[in-house]
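First up is the structure itself, then whatever we jot down about it.
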Amino acid sequence: SPHPAMTAFDAPNREFCTVQRESTNTPLQALILLNDPQFVEAARVLAERMQKKGGKTPEEKITYAFRLATGRHPKIKELEVLEKLYQEQQDHFNDQAQKAQELLTVGEYPIDNTLNPAQTAAYTVLASTMLNHDEAYTKR
């Protein structure tokens with residue numbers, strides 16, 4: 001039988017062949033995307049990628065990651081909200097270095113220690129938010 005997280009995303013078990021998987025959007029899916037260690041780790045890896053390949057400014061990095069997650073450019077309002085969230089999270093993690101370290105150590109993928117931990121933690125929260133966007137995991 002599939003992993004419980006995959007069941008929450010309507011993944012069929014392997015006993016039957018399906019032509020198309022159901023498409024739903026539930027609070028349980030959001031909870032998994034925000035808290036499951038594999039998704040937190042995926043958000044951290046995306047956060048590192050944003051910093052290395054996403055451009056120079058937060059706006060460029062956010063746009064880069066949003067396009068990776070959803071396949072489109074963010075709307076102006078989405079970009080404004082994400083930039084504000086990034087700034088709030090960076091301020092939080094600058095004040096709470098231990099919290100940043102706790103977030104960055106989730107998962108097994110090696111941490112890139114050349115990057116600023118507070119920024120990486122802030123971008124991790126941002127990446128998690130983008131990966132939790134309806135368009136990032138639901139194909140209609």
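Note: hydrogens, waters and symmetry copies are ignored here, and every other heavy atom, side chains too, is used. Since the structure is predicted, the reported quantities are computational estimates derived from the model, not experimental observations. In this chain, residues are counted from 1 in sequence order.
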Among pairs that include at least one residue of residues 79-93, which meet salt bridge (Lys or Arg N to Asp or Glu O under 4.0 Å), considering only residues two or more places apart or in two chains?
Lys84-Glu88
Restricting to side chain to side chain donor-acceptor pair (under 3.5 Å), what partner residues turn up for Lys53, sequence neighbours left out?
none
Can you tell if the side chain of Glu60 reaches within under 4.5 Å of the side chain of Thr57, non-hydrogen atoms only?
yes
With sequence neighbours excluded, tell me which residues meet side-chain contact (heavy atoms from CB on, under 4.5 Å) with Glu78.
Phe66, Arg72, Pro74, Lys75, His133
Report, one line per pair, each donor and acceptor closer than 3.5 Å where one atom sits in a side chain of residues 92-110; sequence neighbours left out.
unit_1, atom_1, unit_2, atom_2, d
Asn94, ND2, Gln90, O, 3.2
Thr105, OG1, Gln101, O, 3.2
Thr105, OG1, Glu102, O, 3.1

Give every residue pair that meets the salt bridge (Lys or Arg N to Asp or Glu O under 4.0 Å) criterion with at least one member in residues 40-50, sequence neighbours excluded.
Arg44-Glu48
If you round to the nearest 0.5 Å, how far is CG of Leu46 from CG of Leu131?
5.5 Å
Tightest non-hydrogen contact, residues Leu126 and Leu82, listed as CD1-O, 3.2 Å
Joint hydrophobic cluster, Leu85 plus Leu79, side-chain heavy atoms closer than 4.5 Å:
yes
Is any side-chain heavy atom of Met50 closer than 4.5 Å to one of Leu68?
no
Show me the side-chain donor-acceptor pairs of residues 111-123 shorter than 3.5 Å, one per line, residues at least two apart or across chains.
unit_1, atom_1, unit_2, atom_2, d
Asp112, OD1, Thr114, N, 2.9
Asp112, OD1, Thr114, OG1, 2.4
Asp112, OD2, Lys52, NZ, 2.8
Asp112, OD2, Thr114, OG1, 3.4
Asn116, OD1, Ala118, N, 2.9
Asn116, OD1, Gln119, N, 2.9
Thr120, OG1, Gln51, NE2, 3.0
Thr120, OG1, Asn116, O, 3.0

Does any N or O in the side chain of Thr129 come within less than 3.5 Å of the main-chain N or O of Val125, such that one atom is a donor and the other an acceptor?
yes
